[in-house]
Amino acid sequence: MGQNREKDVADIHSPSGFVEDGACTADAEKRPGHEVIRDYLKVLGNGPGVYRMLNREGAVLYVGKARSLKKRVSSYAKPTGHSARIGRMISATATMMFLTTETETEALLLEQNLIKQLKPRYNVLLRDDKSFPNILVGGEHAYPQIQKHRGAKREKGQYFGPFASAGAVNRTLNQLQKAFLLRNCSDATFDSRTRPCLLYQIKRCSAPCVGHVSEKEYGDLVRDATRYLQGKSTKVQEHLASEMAAASEAMEFERAAALRDRIRAMAHVSSSQGINPQGVEEADIIALHEDQGQACVQVFFIRANQNWGNRAYFPRTGTGADAGEILEAFIAQFYGNKTPPRQLLVSHAVDNADLLQEALTIQLGRKVDLLVPQRGEKAALVEGAVRNARQALGRKMAESASQARLLEGLAKAFALDAPPERIEVYDNSHIQGAHAVGAMIVAGPEGFLKSSYRKFNIKSETLTPGDDFGMMKEVLDRRFKRLLKEDPDRQSGNWPDLVLIDGGAGQISAVMEALGELGVENVEVIGVAKGEDRNAGKEEFYRPGARAFSLPHRDPVLYFIQRLRDEAHRFAIGTHRAKRSKAISATPLDDVPGVGAARKRALLAHFGSAKAVGRAGLTDLKSVPGISDQLAETLYAYFHEGDGSK
């Protein structure tokens with residue numbers, strides 16, 4: 001979809017868009033939903049497009065696509081014959097919005113983009129859509145680096161993945177270092193080494209930085225590593241075994257032992273992967289299990305006949321969608337920002353499979369097969385993924401039930417009107433006021449919501465260093481100002497039911513002052529102080545206008561609050577340390593216009609330090625690779641302005 005279509009999508013959210021598209025439903029509040037929908041049939045064509053169903057408040061209930069908008073909408077215009085889920089959706093519909101597309105494939109892509117953006121209640125929604133890490137073997141350096149890579153593939157080199165998690169990549173890299181002795185240090189570190197690092201001592205690197213291995217020998221290691229990652233492990237192991245035998249016959253026992261260790265490391269990688277299918281070279285295995293209105297989708301990544309990990313997803317099922325609809329929505333959203341493999345092996349027939357397959361084929365640039373295997377190795381792989389999905393959903397439901405009991409106990413302990421759906425916990429971190437940060441973590445019925453965590457750099461210049469009360473006030477002021485601006489009617493679910501503060505009466509006063517100045521009401525605030533001797537288990541709780549109190553020592557609610565507070569503390573400390581580390585590693589080059597990360601590395605590699613860059617002459621600066629004459633003059637002027645130098 002091009003820029004014009006994106007503009008159309010943005011325009012249709014405007015109030016004028018609502019008036020134009022909903023003009024024929026001015027009296028929608030007095031009429032049933034199917035009659036409101038029926039009015040649109042007079043103006044709809046038979047082409048493909050996307051439709052939205054909205055309630056009386058203007059909230060989007062459902063986003064759908066259609067090969068023929070008129071035919072699809074007409075199916076909603078009947079008063080009976082719908083499932084309970086569709087019936088509820090129709091009865092709540094007060095107006096509709098439409099956007100036509102040239103093809104049904106475009107409609108599919110637009111539908112999934114709108115679902116991600118609007119999060120309608122009755123749609124299936126993938127709630128975790130992070131990118132996956134890869135292994136990158138560098139392509140520009142004479143001694144390529146092997147490293148974990150996440151994000152856009154801009155660097156030159158060979159990419160292998162995706163892996164299900166950073167942990168899966170780290171485990172594989174750890175074993176690959178043992179097997180192939182490739183370096184993982186940065187180019188700048190490589191260029192500055194004068195003696196081998198610890199990785200060489202523990203036999204994880206061949207030390208090319210100090211010439212312990214020739215460029216050809218290191219190239220052979222890179223070739224073996226890439227062949228192994230391409231699934232040619234048997235040939236690599238056979239080659240190493242023959243080399244080991246030859247070294248042993250030549251009485252080069254130390255080299256033979258090193259080759260033996262490499263073969264063992266490769267065997268360990270293969271055995272630790274668990275699933276290594278012989279007949280499936282490249283595929284994602286996608287299996288669904290449903291229970292009591294909840295769903296789990298397990299995705300296994302098979303690349304080069306190797307299992308590169310799996311991950312469980314728990315999509316919101318749109319209050320009762322069937323298996324085919326869930327998998328269609330999941331696959332369309334999942335590959336919205338990821339490259340699909342050549343095969344998808346799924347556990348259930350997918351709605352609109354031909355359309356989905358066409359969209360994935362266009363995205364990959366080669367044919368993508370969407371299969372529901374019935375027998376053989378592929379069916380066994382899918383069956384294993386279904387088993388994992390069933391077990392993961394069972395664990396998730398047990399955890400959710402336990403979390404629900406804790407939230408009910410929390411509501412009872414603090415006399416709340418109802419168990420909180422969203423808890424926000426705040427903490428500050430600093431060292432005598434330096435590098436001060438505020439942190440917010442979020443928890444709810446499904447546990448910690450890490451995608452909702454936020455960090456706040458303390459910006460006020462009027463605060464006394466170390467003023468925790470002032471810092472907390474600034475954080476709460478910024479947080480709730482944004483909420484008031486973005487969601488004044490509290491419809492998005494981003495408003496907290498309960499705010500927990502790491503602190504006592506002083507912190508509570510600062511928070512209530514901030515909320516009072518903003519006019520924010522009906523938000524429960526509780527302070528958690530460490531209490532006597534600052535020991536865990538003796539926490540005291542503060543509420544506005546009430547005396548401090550404690551909970552019984554072994555109360556599960558107390559342990560729950562401790563976990564919330566400790567998670568906020570962990571997040572705040574981590575944020576503070578990252579800010580402090582960045583400040584420590586900062587150099588004057590960071591402030592020079594036009595000097596980014598790459599040019600900074602080039603300057604430091606050439607001169608050795610930022611101080612040496614500052615002392616360098618104009619001619620020397622111009623000689624650095626990647627530094628233009630104009631930038632060299634900018635650098636020279638930055639460091640020599642006002643000193644009379646020529």
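Under the 6.0 Å cut-off for aromatic ring centres, Phe334 and Phe132 qualify, their centroids lying closer than that.
The number of heavy-atom neighbours closer than 6.0 Å to CZ of Arg311, taken from other residues, nucleotides and ligands shown, is above 12. Applying the 6.0 Å contact sphere to CZ of Arg482 captures no more than 12 heavy atoms from other residues, nucleotides or ligands. The 12-atom threshold is exceeded at NE2 of His82, counting heavy atoms of other residues, nucleotides or ligands nearer than 6.0 Å. At most 12 non-hydrogen atoms from other residues, nucleotides or ligands lie less than 6.0 angstrom from NZ of Lys455. Summarising the local packing, CD of Glu383 is surrounded by 12 or fewer heavy atoms from other residues, nucleotides or ligands at distances under 6.0 Å.
Legend: residues meeting side chain to side chain contact (heavy atoms under 4.5 Å, CB included) with Lys481, ordered by chain and number and at least two apart, are Asp477, Leu518. Partners of Arg543 under the salt bridge (Lys or Arg N to Asp or Glu O under 4.0 Å) rule, at least two apart in sequence or in another chain, are Glu524. For Arg204, the salt bridge (Lys or Arg N to Asp or Glu O under 4.0 Å) criterion is met by no residue, not counting sequence neighbours. Listed by chain and residue number, nothing satisfies the salt bridge (Lys or Arg N to Asp or Glu O under 4.0 Å) test with Arg395 (two or more places apart in sequence, or in another chain). Partners of Lys148 under the side chain to side chain contact (heavy atoms under 4.5 Å, CB included) rule, at least two apart in sequence or in another chain, are Pro133, Ala166, Val169, Asn170, Leu173. For Asp487, the side chain to side chain contact (heavy atoms under 4.5 Å, CB included) criterion is met by Gln491, Ser492, Trp495, not counting sequence neighbours.
Between the side chains of Glu567 and Tyr453, at least one donor N or O lies within less than 3.5 Å of an accepting N or O.
Proximity of a side-chain donor or acceptor of Asn388 to a complementary backbone N or O of Gly384 within less than 3.5 Å is detected.
Taken to the nearest 0.5 Å, the NZ atom of Lys65 stands 12.5 Å off from the CG atom of Leu114. Atom CG of Leu381 and atom CD1 of Ile302 lie 6.0 Å apart (nearest 0.5 Å). Within the model, atoms OH of Tyr122 and CZ of Arg85 stand 9.0 Å from one another, a figure rounded to the nearest 0.5 Å. One distance of note links CG of Leu476 with CG of Leu483; it measures 10.5 Å at 0.5 Å rounding. We find the CZ-CZ distance between Arg390 and Arg387 to be 7.5 Å, quoted to the nearest 0.5 Å. Note that CZ of Phe571 is 15.5 Å distant from CG of Asp566, once rounded to the nearest 0.5 Å.
Using cut-offs of 30° and 60° on the angle between ring planes, the pair Phe541 and Phe549 is tilted. Ring geometry, Tyr76 versus Tyr62: the interplanar angle exceeds 60°, so the pair is classed perpendicular (tilted spans 30 to 60°).
A salt bridge is absent between Arg405 and Glu408; no separation between the charged side-chain nitrogens and carboxylate oxygens falls under 4.0 Å.
Heavy atoms only, all atoms of each residue included: Ala329 and Gln112 are closest at O-OE1, 3.8 Å.
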- Task: Check the pair Arg479, Phe456 against side-chain contact (heavy atoms from CB on, under 4.5 Å), reporting the backbone distance first and the verdict last.
- Result: CA-CA 9 Å; Arg479 166 64 179 158; Phe456 303 83; 4.2 Å; yes
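Just one residue in the list Asp427, Asn457, Ile573 forms a side-chain contact (heavy atoms from CB on, under 4.5 Å) with Val437, and that residue is Asn457.
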